[in-house]
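The next block holds one structure in the form of structure tokens; read it before the comments.
All values below come from the heavy atoms of this structure, side chains included, with hydrogens, waters and symmetry mates left out. Remember, it's 1-based here, ligands and their atoms both numbered in the order they're listed.
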Amino acid sequence: MLDKRRSHSDPNGMLDVPVAQRMPREIAPGVFWIGDCLAQRHKGKVYHGYNAAFLVAGEDASILVETGHPKDFPVIERHLAELFARGAPPLKYLFVTHQETPHCGGLGRILKAFPDALLVGDISDYHLAFPQYEQRMRAMREGDAIDLGGRSFMAVEPVIRDLRTTWWGFDTRERVLFPGDGFAYSHYHEDGHCGLVAEEAVSLDLPDVSSTFADLALFWTKFADMNVYCDRLDHLIARLGVTTIAPTHGLPITDVVATVPKVQAGLKAAALMPESGTNEKAAAS
Ligand SMILES: [Zn+2]
Ligand SMILES: [Zn+2]
């Protein structure tokens, strides 16, 4: 007999799980979404954004993608402890997409807490802040891959990038893309979206929250032809065969074909609006 609570948009029954118990959440086999929301006020509304991190567990080693915002470190630490207690292999690698606080703000804490872990990906300048960890930094370029046992983590083209040094990541086994500031959008706390994937958050106006985030945090999208960027995104997704997208600020995307065009519509709309300017209300970027 069908469980009436499980609809097309809620095949996992996640809407019945209290928000506090949704994370860590396995968004693809061995890929865990961890971290917490950050409330932002904009035009009289409260928007929630994530500053998420992801643990990718191989057979021999785990890699942490992003570190979360410094305010979230107790949450990140608790979620990691929970995953390791459940059997995730030891943390051997940390990959951050770029040098901004919501992405790399816990870098020193992670390297201190996990003395066997190496920092991989872009490593520019981190040795200046953390000279004591310089010997644990390994640069990756596009196409470089790290073997975790049964799956690899690869550095891939950062189509939507905030900094010149940005890299995106890709899990070769489950075909999960980690796009940092790509697919950045808020969600509605009042509608219970925290801890849901994009397809479960049915009341979320994805084009609107995507364009708002781009307006506040990705100013360069005003001065670029976003059609070109969206075409390039389509090309990357097709070339890699991406099936899941794990953005740092947005909700994870589990139906690439249905959801990616909605986010792209937001990027294209934001590019045509005059810049509203960033101030103390600005979204994290
Ligand atoms: Zn939230
Ligand atoms: Zn960001």
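Note on His98: not counted as a metal contact of the Zn ion (ligand 2), no N/O/S atom lying under 2.8 Å. Taking 2.8 Å as the criterion, Asp181 counts as a coordinating residue of the Zn ion (ligand 2), since one of its N, O or S atoms falls below it.
Taking the six-membered ring for Trp and thresholds of 30 and 60 degrees, Phe183 and Trp168 have ring planes inclined between 30 and 60 degrees apart.
The Zn ion (ligand 1) has Cys37 SG, His48 ND1, His187 NE2, Cys194 SG as its protein N, O or S neighbours under 2.8 Å.
Side-chain contact of Glu199 with Thr259: a donor-acceptor pair under 3.5 Å is present, judged by distance alone. His187 and His249 share no side-chain donor-acceptor pair at under 3.5 Å.
Put simply, the angle at the Zn ion (ligand 2) from NE2 in His103 to NE2 in His249 is close to 100°, to the nearest 10°.
With a 4.5 Å cut-off between side-chain heavy atoms of Ile, Leu, Val, Met, Phe, Trp and Tyr, the cluster of Tyr133 takes in Phe32, Ile34, Leu55, Leu64, Phe73, Ile76, Leu80, Leu83, Phe84, Leu91, Leu94, Val96, Leu107, Ile110, Leu111, Phe114, Leu119, Ile123, Tyr126, Phe130, Met137.
We find that Asp215 and Lys222 are joined by a salt bridge, their nearest charged nitrogen and carboxylate oxygen being less than 4.0 Å apart.
Residues Gly180 and Glu66 approach most closely at CA-OE2, 3.7 Å, considering heavy atoms.
Rounded to the nearest 0.5 angstrom, Glu100 CD and Asp181 CG are separated by 6.0 Å.
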